[in-house]
Amino acid sequence: MPYARRLLPLTLVTALIVVAWIVVSTAVVPTDQTEGIRQRLTYLHPAFAIVTLIAFVAGAFFGWQHLKHDRPLDDLRAYVAIHMGQIFCVVALITGAIWGKTAWGVWWDWGEPVLVTFLIIFLLYATYQPMRFAIEDPERQARTASVFAVSAGIFAPVCFGVVRMTTNLLHPQPLNDPGSNLPGTAGLAFGLSVLALLALFITLWHLEVTHKSVRIRVRKLQRRVEGEDAVPVVARASSPVTL
Amino acid sequence: MTPWLSDVRAVLALEWRRERRAPQVLPTMLLFSVGAFVLFRFGLQDGRVDGPLAAGVLLVTTLLAAVLGIGRLWAAEQDEGGLDAYRLTPASASALVAAKGLALWSFLLVLHAVALPAFVFLLLQDGLDGGAILRVVAGLALTDLGIAAAGALVGAIAAAARSRDLLVPLLAVPLLIPLVAMASEALAPLLTSPAKVTEVRWWVGLALYDGVFLLVSWAVSDGIVED
Amino acid sequence: MPGPEGAHPDAAVRLEGLTRRRGERLVLSDLTLVVPVGVTVALLGPNGAGKSTLLRVLAGLMRPTAGVCSVLGHALPAGRHALRGRVGYLAHEPMLFRDLTVRENLTHRARLLRVDDIPARVAELLEATGLVRRADFPVHALSRGLTQRTTAAATLLGDPELLLLDEPLANLDPSASGRLGELLGPRPGRTRVIAGHDPEAALAEAQIVLGLRDGAPALLATPDRVTDAEIGALYA
């Protein structure tokens with residue numbers, strides 16, 4: 001059962017890393033001579049993309065757990081992971097578009113494989129809530145959502161590989177590009193950005209899982225105390241309603 | 001024959017029997033494909049296509065036709081209670097999913113047996129290079145297998161929902177984009193005359209995609225069939 | 001009257017505090033019952049009392065949310081796979097493929113149920129349900145009564161040890177009703193749970209009467225102890 005007591009230390013650690021990330025990427029790292037201020041997007045955009053993928057893979061993992069052990073809590077965990085992933089995905093798309101605008105002068109480039117992949121994955125995951133909402137029976141909904149989470153979570157990395165293969169590599173790979181002459185602090189800033197957003201994701205995920213499960217348990221208790229009919233049943237929800 | 005295989009065979013035979021008794025999926029997919037080719041003929045201003053454009057037209061038409069088939073794949077299980085009946089028998093969930101995938105694959109192969117000649121006749125610039133026919137067929141078969149594996153999954157997810165027909169294209173199209181992208185790379189060199197050689201990596205990519213989705217479908221089959 | 005206490009190795013169905021929720025809604029609550037092998041249970045109760053849900057749970061089609069539910073010696077939901085083929089469930093909906101004929105439907109089901117001599121078994125059941133003349137009709141061309149007979153035949157294909165019957169004689173004419181009643185009737189070693197709205201008929205053939213009201217057991221007795229007042233209260 002998820003409880004709130006882990007939230008405080010989690011939040012403090014996250015705040016620490018986030019502050020370190022902001023300080024390093026804005027003040028410590030020198031501004032790139034050729035690329036200018038735009039280069040600092042390296043410490044924002046890729047991390048969002050990476051955490052998005054981690055979120056979706058986590059969704060697949062929890063979905064798989066749910067299918068295997070049939071615990072409603074795992075469905076809730078998968079739901080929140082995917083829900084968070086969707087938000088991170090939108091930010092990754094927007095920052096990617098800003099990058100494109102500043103680097104290539106266009107908001108969107110269809111020849112850009114990673115951008116297109118993200119759009120595909122975003123489109124797929126955008127159907128997650130409508131799919132859940134369209135299924136009335138809560139158990140059926142949970143199981144089908146887990147099937148979706150597993151398939152889509154495995155699909156996302158596959159999709160990445162394929163689109164990388166089929167389109168020319170335009171997307172900068174700042175970490176394994178041998179020609180890159182970024183200072184050592186840039187690597188640190190990049191690492192911190194991934195770490196910070198991952199910590200942020202974990203904290204928010206934990207908060208949301210706790211929040212939703214507390215609400216579900218409060219309703220359960222209220223029903224037990226005041227009687228079954230005291231709490232109106234949620235007619236149809238896209239998020240899990242039982243634990 | 002193991003019980004698993006005989007279950008797959010029984011369900012596959014049933015799918016074909018139902019399709020023969022009340023043809024729904026095959027004629028729909030066929031008419032749609034040929035109609036789309038005619039549409040392209042006019043849309044491209046009586047033009048003919050070859051190379052990447054030809055591959056794109058053929059594959060996107062296939063995908064959209066397949067979406068129609070995917071929507072019907074689990075309809076009887078859902079509407080006529082066939083899934084409950086199946087779950088009361090000792091037959092395994094993976095056998096049902098496998099049979100559904102095979103049924104869709106066989107429908108798509110039959111579709112291509114008719115749609116490919118129609119495509120060559122209606123749209124392909126210089127006709128099909130005789131030496132490339134086998135490779136084109138192999139490419140389409142691999143593509144169809146991928147569509148079938150992903151389609152069985154998508155169909156099952158959508159079947160649980162009320163708005164089944166709306167959900168299928170939403171789910172299927174993003175899932176099949178990589179497949180279409182690779183199949184297009186594989187088929188484009190073959191649809192010129194004389195045919196060029198496809199890079200090996202596209203064959204490998206297609207086979208990998210198929211493999212991944214076959215594996216996923218098999219792994220989640222219990223979640224699909226259980227209620 | 002068998003109680004819940006003690007071991008019941010020979011019980012066909014053993015429920016202890018069985019609870020089933022559909023989402024947040026309570027559909028079955030705290031049901032305790034032991035049904036020995038060979039016994040017939042009459043399941044009574046108004047619409048929405050949870051009769052069909054109970055049958056689905058016993059068939060292994062629906063998971064219990066809480067409590068013990070053991071069917072033919074297998075605890076559900078973990079042991080549901082071991083039940084497959086041993087439980088016959090006659091539901092409200094026919095569970096037949098409408099485009100296929102009666103014979104095709106039965107043959108297909110028999111194949112999945114691993115019936116030994118399929119043509120013989122199908123012919124036997126067609127004969128018993130009086131469907132021989134309609135055997136090659138597609139199901140969608142049958143009347144509701146004939147569809148019900150086909151469903152009954154499909155339920156009996158594997159000669160199940162536990163029969164779960166949801167209003168088995170609905171939509172049937174008197175002669176078919178008699179024929180099917182006999183076919184679905186008691187046999188040595190066959191345990192039956194029959195849901196229905198006809199208290200008199202139910203009391204006549206049952207050894208246990210279970211009345212449900214809003215998912216909770218409102219009546220549990222042997223037929224000779226059930227009074228008209230109790231039946232009336234159940235439906236009031």
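Residue numbering restarts at 1 for every chain, and letters A, B, ... go by the order of the sequence lines.
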Honestly, the part of B:Leu153 sitting under 4.5 Å from a heavy atom of chain A is side chain
ring-ring contact (aromatic ring centres under 6.0 Å, His included): which pairs involve residues 130-149 of chain A, sequence neighbours left out?
A:Tyr125-A:Phe148, A:Tyr128-A:Phe148
Does atom CZ of B:Arg48 have more than 12 heavy-atom neighbours from other groups under 6.0 Å away?
yes
If you look at every heavy atom in A:Phe155 and B:Pro174, which pair is closest and at what distance?
CZ-O, 3.3 Å
Taking a cut-off of under 4.5 angstrom between non-hydrogen atoms, the residues of residues 57-70 of chain A near chain B are A:Trp64, A:Leu67
Engaged part of B:Val216 at the chain A interface, taking heavy atoms whose separation is under 4.5 Å
side chain
A quick test of your reading: do over 12 heavy atoms of other residues, nucleotides or ligands sit less than 6.0 Å from CH2 of B:Trp16?
yes
Got a second to check how far B:Leu171's CG is from A:Ser151's OG, nearest 0.5 Å?
9.5 Å
Contacting moiety of B:Ala158, where chain A heavy atoms sit under 4.5 Å
neither
Pick one of side chain, backbone, both or neither for A:Ile120, based on which atoms fall under 4.5 Å of a heavy atom in chain B.
both
Could you grab the distance from atom CG of B:Leu166 to atom CE of A:Met131, nearest 0.5 Å is fine?
14.5 Å
Nearest 0.5 angstrom please: A:Leu123 CG to B:Leu175 CG, how far?
11.0 Å
Name the member of A:Leu119, A:Ile135, A:Ile154, A:Val158 that forms the most heavy-atom pairs with chain B at distances under 4.5 Å.
A:Ile135
